Amino acid sequence: MRKGLIVLTLLAFLVALPAEAVLAGVVLKVGPDVAGKMEFALSAPGIPTRSDKENVKMGITVGAEYIFDSGNNLAFGGGFEYQLKREIDKEGDSKFNYIPIYALGRYQLDSFYLTVKAGYNLFQADNVPLV
């Protein structure tokens, strides 16, 4: 339900924008996050450090960017992504996701461009095992 609500919100945002704005600088992104390993560590003063590695299942990320063209092959903007909750391959109902929020700069070269992003990444977790 929550995943569907996020996708519908992004689509409503796109439809609400004027057609010129969509064609000029809104970029919608959807892509897979391949399966892999998650490594985490827990440390606090006076408590021994604990760490573990777990396999994680594939996930999906949706996002949007808005880019302003400033001329001279330069563009600036901002964006966000929302990674749908990914499961950890371990018994239990362990899930996690990331929500990056960033500013970006883009420089257009002949047939390709260079993009630099700087921002903050929010981490959310449900029932993650602590060793």
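Treat the numbers as computed from the prediction; the structure is a model and nothing was measured. Excluded from the calculations below are hydrogen atoms, water molecules and symmetry mates; all remaining heavy atoms, backbone and side chain alike, are included.
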Please name the pair of heavy atoms, one in Lys117 and one in Lys29, separated by the smallest distance, quoted to 0.1 Å.
NZ-NZ, 3.4 Å
Starting from Phe76, can I reach Leu109 by hopping between I/L/V/M/F/W/Y residues whose side chains sit under 4.5 Å apart?
yes
How about Ile60: does its CD1 atom have over 12 heavy atoms from other parts shown lying under 6.0 Å from it?
no
From the list Asn72, Asn73, Thr115, side-chain contact (heavy atoms from CB on, under 4.5 Å) with Tyr107 holds only for Asn73
Give me the atom names and distance for the closest heavy-atom approach of Tyr102 to Ala64.
OH-O, 4.4 Å
Closest approach of Pro32 and Met58, non-hydrogen atoms and distance?
CB-CE, 4.1 Å
Give a yes or no on whether the backbone of Gln83 and the side-chain of Asn97 come within a donor-acceptor separation of less than 3.5 Å.
yes
Please round to the nearest 0.5 Å and tell me the distance separating atom CD1 of Ile101 and atom CZ of Phe80.
8.5 Å
On a heavy-atom basis, the closest approach of Ala75 and Ser70 is N-OG, 4.2 Å
Which distance, rounded to the nearest 0.5 Å, do you find between the CG of Asp69 and the CD1 of Ile67?
9.5 Å
According to a hydrophobic-cluster definition based on side-chain heavy atoms being under 4.5 Å apart (Ile, Leu, Val, Met, Phe, Trp, Tyr only), do Leu84 and Val34 belong together?
no
Any side-chain donor paired with an acceptor under 3.5 Å for Glu81 and Tyr98?
no
Distance in Å, Lys37 NZ paired with Lys53 NZ, rounded so as to fall on 0.5 Å steps
7.0 Å
What's the separation between atom CG in Asp126 and atom CZ in Phe96, rounded to the nearest 0.5 Å?
11.5 Å
For the CD1 atom of Ile88 and the NZ atom of Lys95, what is their distance to the nearest 0.5 Å?
11.0 Å
Hydrophobic clusters here meaning ILVMFWY residues chained together by side-chain heavy-atom distances under 4.5 Å, can you tell me if Tyr113 and Leu74 are in one?
no
